[in-house]
Amino acid sequence: MGRIIDFNAKMARKKAAIPHAPACEHKEVTVYVADRKVYCATCGALLDPMDVLVDMVQRMAMNSSRKHLNEVEKFDREWQRRLHAVRTEAGDKAQRE
């Protein structure tokens, strides 16, 4: 008869044995849904799921803000370009008259 191995428990023990990287920012995570636990995929540290969720939301908000800012800057550059073109054209007409 075969032996039954609990892979979740084995992985948890393996991750607990990995020394934590001192400068790890926990950018990638592994989620064990059945156990409701979140581990750092890099260093194996057990993380607070709420902290991970908050970090994800903050990064999403920052990315959204950056995207919006880039769009505003692009619009402003185009506005300035068109304004300059109109002023140049008006100046050229005034010189011709």
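None of the values given here were measured: they were computed from a predicted structure. Every heavy atom of this structure was used, including side-chain atoms; hydrogens, water molecules and symmetry mates were not.
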Please report the C-alpha distance between E28 and C40 in whole Å, then the side-chain angles of each, then the deciding distance to 0.1 Å, and finally whether the side-chain contact (heavy atoms from CB on, under 4.5 Å) criterion is met.
-> CA-CA 6 Å; E28 295 181 30; C40 175; over 6 Å; no
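How far CG of D55 is from CG of D48: 11.5 Å, rounded to the nearest 0.5 Å.
Residues L47 and Y39 come closest through the heavy atom pair CD1-C, 4.1 Å. Closest approach of V38 to V52, counting heavy atoms only: CG1-CG2, 3.8 Å. Taking each heavy atom of R59 and K27 in turn, the nearest pair found is NH1-O, 4.2 Å.
L46 and Y32 fall within the same hydrophobic cluster, defined by Ile, Leu, Val, Met, Phe, Trp and Tyr side-chain heavy atoms under 4.5 Å apart, directly or through other members. In the hydrophobic cluster analysis, where Ile, Leu, Val, Met, Phe, Trp and Tyr join through side-chain heavy atoms closer than 4.5 angstrom, M60 is grouped apart from V31.
Under a 3.5 Å cut-off, the side chain of T88 and the backbone N or O of H84 do form a donor-acceptor pair. Put simply, the side chain of D35 never gets that close to the backbone of K37: no donor and acceptor are under 3.5 Å apart.
Environment of CD in E73: crowded, with over 12 heavy atoms of neighbouring residues, nucleotides or ligands closer than 6.0 Å.
Residues P49 and R36 are not in side-chain contact: their nearest non-hydrogen atoms beyond the backbone lie 4.5 Å or more apart.
Between R82 and E78 there is a salt bridge, since a side-chain N of the basic residue sits under 4.0 Å from a carboxylate O of the acidic one.
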